[in-house]
Amino acid sequence: MPELPEVETVVNGLKPQVMGHRILDVRNSGKNLRYPLPDFTSITHATINDIHRRAKYLIFSLDNQQTLLWHLGMTGQFHVLENDAEAAKHEHVRLDLSENISLCYRDTRRFGYADICDTNNLLAHPWLKKLGVEPLTDEFDAKQLKINLQTRNTSIKQNIMDNAIVVGVGNIYASESLFRAGIHPAAPAKSLSSKQLGLLVLHIKEVLKEAIIAGGSTISDFVKADGKPGYFAHSFKVYGRDGEPCLVCKSPIQRIVQAGRASFFCPNCQKV
DNA sequence: AAGGTTACCTGCCCGC
DNA sequence: TGCGGGCAGGTAACCT
C-alpha cells in the first residue's frame with residue numbers, strides 16, 4: 001500500500017524511536033515474506049545508526065558495516081512496541097532492541113521483503129542499482145524526462161510508475177499528478193511536449209510533498225510508525241472517484257485499466 | 001527486446 | 001448468512 005510519502009512518513013516516525021538502539025535478537029513467524037527472510041545473525045548485536053529512504057525502500061544503516069534493506073510491499077507496517085508486547089495478527093518479524101523495545105513488522109499479504117548487505121556494496125544491491133531518480137530532487141526535471149521518454153511507446157502513466165525512470169510514483173499519485181497536469185493517463189509517453197512534461201514534473205513534486213506534509217495517505221491498512229493514521233486520502237481529486245463529478249468541470253470521473261492497474265481521470269480536463 | 005500478463009498473499013466488499 | 005468473484009496502494013518474473 002505505501003507510496004513514497006507513506007514510506008517517508010514511516011522513516012521519520014521510526015527514526016527518533018529506534019536510532020541508537022542495539023539489536024539484541026531477531027525473531028520471525030517462520031513464514032516467508034515475498035522472498036525468504038535473510039539470515040539476521042550478521043546484524044544481531046549491531047546498533048542502528050540511522051534510517052533513510054531510497055525509492056520505497058527503508059534503509060537501516062548499522063554500526064558494523066552492514067545495512068538492512070526493507071520494502072513494505074502493499075501491506076507492510078512497522079510498529080515500535082514494548083519488548084514483551086504480544087504479537088499482533090500477521091506479525092512476521094520482530095527485532096528486539098535495547099532498552100526494552102521491539103521493532104515489529106506486520107504484513108497481511110506478505111508482499112514485503114528484506115535483505116542485508118555490506119554497506120560498502122549498498123548501491124550495487126540488485127534492488128537499488130537499477131532505480132531511477134528521486135522525484136523530489138532537482139535531478140528529476142522535464143529535460144531528462146523528455147530524453148528518457150522519447151523511445152517509449154507506452155502510456156505516460158505506465159512510464160511515470162516505472163522505477164527505472166523515476167522512483168516512488170505509485171498508482172495513486174500517478175493518477176493525481178496527471179489530473180493536475182491536465183494529461184490523459186493513456187497519452188503516449190513520447191508524444192508529450194516539453195511544456196507538458198514540465199507541468200507533470202511540477203505536479204508530481206507538488207502532490208508528493210503535500211502528501212508527506214499530510215503524513216501519508218490512509219487507505220485500508222496504512223499506519224504510521226506511531227500507530228496513527230495519515231490523512232491525505234481526503235484530498236484525492238480523481239483516485240477512487242469514478243462516476244463522481246470532476247471537482248473542476250463536473251464531468252464524471254472515469255476509470256480505465258492500464259497494465260493491470262486502475263487509472264482515474266477526467267475525460268474533459270485531461271486530453272490524450 | 002519492449003510491452004503485456006501473471007504471480008506472490010490475505011482480506012474486504014459486492015452481488016446473488 | 002453464505003459463497004464466489006473481483007479488487008487492493010508494489011514489484012519482478014514470465015511470456016509473446
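Every chain is numbered from 1 and lettered A, B, ... according to where its sequence line falls, protein lines coming before strand lines.
For Arg34(A) against dT11(C), a side-chain-to-base donor-acceptor contact under 3.5 Å is present. With hydrogens and angles ignored, no donor-acceptor pair closer than 3.5 Å exists between the side chain of Arg110(A) and the base of dC9(B). A donor-acceptor contact under 3.5 Å is formed by the side chain of Arg109(A) with the base of dA8(C).
To the nearest whole angstrom, the two P atoms, one in dT5(B) and one in dC7(C), are 14 Å apart. Taking atom C1' in both dT6(B) and dG6(C), one finds a spacing of 16 Å when rounded to whole Å. Going from the P atom of dT11(C) to that of dG11(B) covers 22 Å, rounded to whole Å.
How far CD of Glu82(A) is from CG of Asn100(A): 7.5 Å, rounded to the nearest 0.5 Å.
Within the 4.5 Å cutoff, the side chain of Phe78(A) has heavy atoms near those of the Leu72(A) side chain.
Here the P atom of nucleotide dT11(C) and the OH atom of Tyr113(A) are 5 Å apart, to the nearest Å. The nearest whole Å value for the distance from the NE2 atom in His71(A) to the C1' atom in dA12(C) is 11 Å. Whole-Å rounding puts the Arg261(A) CZ to dC8(B) C1' distance at 13 Å. Remark: P of dT11(C) and CD1 of Ile165(A) are 14 Å apart, rounded to the nearest angstrom. If you measure from atom NZ of Lys130(A) to atom P of dA2(B), you get 13 Å, rounded to the nearest angstrom. Regarding Asp242(A), its CG atom lies at a distance of 12 Å from the C1' atom of dC7(C), rounded to whole Å. Between Met161(A) atom CE and dG4(B) atom C1' there is a gap of 14 Å when expressed in whole angstrom units. For Lys190(A) and dA2(B), the NZ to C1' distance is 11 Å, given to the nearest whole Å.
Side-chain atoms of Asp107(A) come within 3.5 Å of backbone atoms of Gly112(A) as a donor-acceptor pair (strictly under, hydrogens ignored). Using a distance-only test at 3.5 Å, with no hydrogens or angles considered, a donor-acceptor pair links the side chain of Ser175(A) to the main chain of Phe264(A). Panel note: side chain Ser155(A), backbone Ala186(A); no donor-acceptor pair is recorded below 3.5 Å.
For the pair Asn171(A) and dG10(C), the criterion of a side-chain N or O lying under 4.0 Å from OP1 or OP2 is not met. Between Arg255(A) and the phosphate of dA8(C), there is a side-chain N or O to OP1/OP2 separation shorter than 4.0 Å. For the OP1/OP2 pair of dG9(C) and a distance below 4.0 Å, the side-chain nitrogens and oxygens of Tyr173(A) include no atom meeting the criterion. The phosphate of dT10(B) has neither OP1 nor OP2 within less than 4.0 Å of any side-chain N or O from Lys89(A). A sub-4.0 Å separation between OP1 or OP2 of dG4(B) and a side-chain N or O of Gln158(A) is present. In this model, the phosphate group of dA2(B) is not approached by any side-chain N or O of Arg152(A) to a distance below 4.0 Å at OP1 or OP2. The phosphate of dT10(B) (OP1 or OP2) has no side-chain N or O of His90(A) nearer than 4.0 angstrom. Using a 4.0 Å cut-off, no side-chain N or O of Asn163(A) falls inside it from OP1 or OP2 of dG10(C).
Each of dG10(C), dT10(B), dA12(C) was ranked by its minimum atom distance to the side chain of Trp127(A); first place goes to dA12(C). Among the nucleotides dT10(B), dC8(B), dT11(C), the one closest to any side-chain atom of Phe111(A) is dC8(B). Distance from the side chain of Tyr35(A) is smallest for dA12(C) among the nucleotides dT10(B), dG9(C), dA12(C). Set against dG3(B), dG10(C), dC7(C), the side chain of Thr154(A) has dG3(B) as its closest nucleotide. Listed nucleotides dG10(C), dT10(B), dA8(C) differ in distance to Thr108(A); the shortest reach to its side chain belongs to dT10(B).
Across all strands, Gly260(A) comes closer than 4.0 Å to no nucleic acid atom at all (heavy-atom distances).
Taking the six-membered ring where the residue is Trp, the centroids of Tyr113(A) and His71(A) are separated by under 6.0 Å.
Sequence order on DNA chain B of the closest nucleotides to Leu33(A) and Asn153(A) puts Asn153(A) first from the 5' end.
Across all strands shown, the partner of dC13(B) is dG5(C), judged by Watson-Crick or G-U wobble contacts whose two distances both fall under 3.5 Å.
Between Tyr173(A) and Phe236(A), the ring planes are perpendicular. Angles over 60° get that label, and only those under 30° would be called parallel.
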